[in-house]
Amino acid sequence: MHYRSTSYRIFSILNGVFLSLLALLCILPLIHVLAVSLSSSAAADANLVKLWPIGFTTEAYMVTLGNDRFISSFGISVLRTALGTVLSLLLSILVGYALSKETNEFKGRNGYAWFFVFTMLFSGGLIPTYIVVQKLGLINSIWALVLPGAMSVYNTILLMNFFRTSVPKALEEAAFIDGAGHFRTLWSIYLPISLPSLATISLFTMVGHWNAWFDGLIYITDTAKYPMSTLLQTIVVQRDLSSMSVSADEIQALSNRTVKTAQIFIATLPIILVYPFLQRFFVKGIVLGSVKE
Amino acid sequence: MRTRQRQGWKWKTTWPLHTMLLPGVAIVLIFCYLPMFGLVMAFQDFQPHLGFFRSDWIGLENFRLMFEYPDARQVIWNTFLIAFLKIIAHLIVPFVFALLLNEVRRMLLKRLIQTFVYLPHFLSWVILGGILLDMLSTDGGLVNQLVGWLGFPPIFFLGDGDWFRITVIASDVWKDFGFSTIIFLAALAGVNPEMYEAALIDGANRWRQTLSITIPAMIPIAVVVATLSLGNILNAGFDQIFNLYNPLVYEKGDIIDTYVYRVGLIGGDFGFGTAVGVFKSLVSLTLIIISYRLAYKLAGYRIF
């Protein structure tokens, strides 16, 4: 009705154009990187490439994928992501379930809850944590990338709240009356109901593990055991190619701008691939709310 | 009810719950609480080969040094300034963006815009750092080509202190403004459409409706976001700065976290590094507690 007024129509069009440009601005850097990585090195080095490849070639990808170090770091990233996500999800489910009980059912509940929440407020910081990991003999072990952050208090609180609000109490009590214990109830009642939230949490955890680089930098000293994000950090950001264990010729090839952008794009690809699934989860609620006009 | 209350204590009914908590408790104990004992290093002239027990105790000497070193003072100021500007920007930009997005009536366009603006949030600062180093390069980076095309000399985005701060704040907003919008859009989704219809019947135009319905609907959540971000006043973004900075901009771009890493972990001055870290943790803890109290008072917000 009121949208028919001329001034609002003009605003509407300008607004749409402005927001579309802003949205494009968010992905332009990725398009630029992709364009450079698919261009000939001559064109890339002469800064001719904008948003479309010039002298199209996949050579940069061949060089990158032909490097053993890069491939093995990819494998390490996949492994840490898998291990880390499974472990983190398991811990959050168990702790989230126990903390979802009321204090009259489970007296220790509040004590445990504060024990976990306190770690969100205060931490020993970088250096003491590093010393603990080192004393445990985890340096250069994949567990140094998985264990320290395995217990996500934030995800646990999300799950706990979900368990409290979305699992019907009656269902749980029926299970108890039928003789099911806590483990059984968690497995057969709670988990099936919470699959969508578990999926969301897993996806976010996966992205977090895939992107994590700093723990690799401090806990892994043997560069052959770097996860991909850490390797990328040393070669693209620090411009230190010693971790690639390659000859002088190859260093020349690897420091090429097209190769660097190819590496960046390969590291981004898994995120882009899971992004549609991620987005479905967090946008759904919002879109559902806003369509009723 | 009485029987239930007594059950709360009974080992027979609660042992599975304690068992479920055990692995989580163990991990947190080892990797979160154990390091807290390491904080004694802040009060020691810590030497790794002597350990916690034989290193010399020097009281508050490390903390005194921290406030005396011009370096450290500058770093604390940089941290505060960058974090403060980021907090302000992250409040204003998503607020305005949510307002504008709310006016887009074509669902397809709205979805498309959302898809694009949320994406950068999920990319790491290693990837974005790599991209920015390439695009902001003075040696023909895409952005400087644009600057040159507009008739200006190339800008040292990452080599000049003041430009570095601007770049850090702008790129952080670029990465996260979309994602920060979600919470405001959720608030808007909760507005009853009948309110707009009623306003329309009363003769309010769209601008009037925005002032009287849309903005008031977003204010409570904006208050919560603002107060909760108080706890981040010393979090200037380690990942981002670490992947963008270089010695040229240490003076204006170095922050507490990067300083602790360089001086403490790399430089081997564990005691001093830890002291700076403790300072940050304590300030943050105090502010977080204050901000949660405030958020509860101002907007009735609670995490549990």
Side-chain angles (χ1 to χ4, degrees), chain A residues 1-2 8 12 15-16 19-20 23 26-27 29 32-33 47 91 94-95 97-98 101 104-107 112 116 119 121-132 147-148 150-151 181-183 207 211 213 218 229 232-233 236-237 261 264 267-268 271 275 279 282-283 286 289-290 292-293, chain B residues 4-5 7-9 14 16-17 20-21 23-24 27-28 31-32 34-36 38-39 100-101 103-104 109 113-120 122-124 126-127 129-131 133-135 140 142 145 178 182 185-186 189-190 193 200 205-206 243 260-261 264-265 270 273-274 277 281 285 288:
Chain A
M1 305 180 262
H2 60 288
Y8 187 78
S12 212
N15 188 35
L19 293 184
S20 305
C26 286
I27 57 159
H32 176 62
V33 162
N47 299 316
L91 290 172
L94 290 174
V95 174
Y97 174 84
K101 300 292 151 222
N104 57 14
E105 291 169 75
F106 181 34
K107 270 278 154 36
Y112 279 117
F116 287 113
T119 62
L121 305 176
F122 190 76
S123 78
L126 174 67
I127 296 169
T129 311
Y130 172 81
I131 293 179
V132 167
L147 289 178
M151 177 65 207
H182 282 296
F183 279 100
V207 170
N211 281 340
W213 56 278
I218 57 176
S229 289
L232 202 66
Q233 209 273 336
V236 175
V237 180
T261 48
I264 291 174
T268 316
I271 307 277
Y275 180 64
Q279 205 214 0
F282 65 70
V283 173
I286 296 155
S290 58
K292 43 167 194 203
E293 313 234 3
Chain B
R4 289 207 86 175
Q5 262 174 8
Q7 273 178 1
W9 279 117
T14 58
L17 298 173
M20 287 177 181
L21 286 160
I27 292 280
V28 167
F31 293 104
C32 299
L34 203 54
M36 289 183 201
L39 294 179
L100 294 180
L101 197 63
E103 298 303 318
V104 176
L109 180 64
I113 293 172
Q114 285 176 306
T115 303
F116 285 3
V117 296
Y118 296 153
L119 180 64
F122 295 96
L123 305 178
S124 78
V126 170
I127 289 169
I131 295 178
L133 287 178
D134 183 275
M135 288 184 61
L142 197 61
Q145 283 186 40
I182 290 181
L185 290 177
L200 197 61
N205 63 17
R206 194 62 189 167
N243 284 309
V260 169
Y261 172 78
L265 207 56
F270 282 21
T274 305
S281 294
L285 176 67
I288 290 171

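Naming: A, B, ... by sequence-line order, numbering from 1 per chain.
- Both the backbone and the side chain of A/L121 come within contact range of chain B, with heavy atoms under 4.5 Å apart.
- With a 4.5 angstrom heavy-atom cutoff, A/F183 touches chain B via backbone and side-chain atoms both.
- For chain B, the nearby parts of A/H182 are the backbone and the side chain; heavy atoms of each come within less than 4.5 Å.
- Across all non-hydrogen atoms, the minimal contact from A/N211 to B/F122 is ND2-O, 2.8 Å.
- The residue among B/L34, B/V260, B/V104, B/L285 with the most heavy atom pairs within less than 4.5 Å of chain A is B/L285.
- Interface check for chain B: of the options A/T261, A/L232, A/L147, the most heavy-atom pairs under 4.5 Å are formed by A/L147.
- When all heavy atoms are compared, the tightest approach of A/S123 to B/M36 is CA-CE, 4.2 Å.
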Evaluate B/F31 against A/M151 for side chain to side chain contact (heavy atoms under 4.5 Å, CB included), listing each step before the verdict. CA-CA 9 Å; B/F31 293 104; A/M151 177 65 207; over 6 Å; no
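- With A/I27 as reference, B/L119 is the one residue of B/T115, B/L119, B/V117 to meet the side chain to side chain contact (heavy atoms under 4.5 Å, CB included) rule.
- Smallest separation of non-hydrogen atoms from A/V95 and B/L21: CG1-CD2, 3.7 Å.
- A/E105 places none of its side-chain heavy atoms less than 4.5 Å from the side chain of B/L17.
- Ranking A/V207, A/V33, A/I131, A/V236 against chain B, the residue ahead of the rest is A/I131, based on heavy-atom pairs under 4.5 Å.
- Comparing A/T119, A/I264, A/V237 by heavy-atom pairs within less than 4.5 Å of chain B, the highest count is held by A/V237.
- Side-chain contact between B/Y261 and A/I218 is present, with heavy atoms from C-beta onward closer than 4.5 Å.
- Closest heavy-atom contact between A/L94 and B/M20: CB-O, 3.5 Å.
- Ranked by non-hydrogen atom pairs under 4.5 Å with chain B, the options A/S12, A/P29, A/P128 are led by A/P128.
- Here B/L123 is the residue among B/L101, B/L109, B/L123 with the most heavy-atom pairs under 4.5 Å with chain A.
- With a threshold of 4.5 angstrom between heavy atoms, B/I131 approaches chain A through its backbone and through its side chain.
- Between chain A and the residues B/L142, B/L39, B/I288, B/T274, the largest count of heavy-atom pairs under 4.5 Å involves B/L142.
- Nearest heavy atoms, A/A23 versus B/F116: O-CB, 3.5 Å.
- With a 4.5 Å cut-off on side-chain heavy atoms, A/W213 and B/I127 do not count as touching.
- For chain B, the nearby part of A/Y130 is the side chain; its heavy atoms alone come within less than 4.5 Å.
- Here B/I113 contributes atom CD1 and A/L19 contributes atom CG; the two are 4.5 Å apart, rounded to the nearest 0.5 Å.
- B/P23 touches chain A through backbone and side chain together, each having a heavy atom under 4.5 Å away.
- Among the candidates B/G129, B/P35, B/G38, the residue making the largest number of heavy-atom pairs closer than 4.5 Å to chain A is B/P35.
- Under a 3.5 Å cut-off, the side chain of B/Q145 and the backbone N or O of A/N47 do form a donor-acceptor pair.
- Minimum heavy-atom separation, A/I127 to B/G264: CD1-CA, 3.7 Å.
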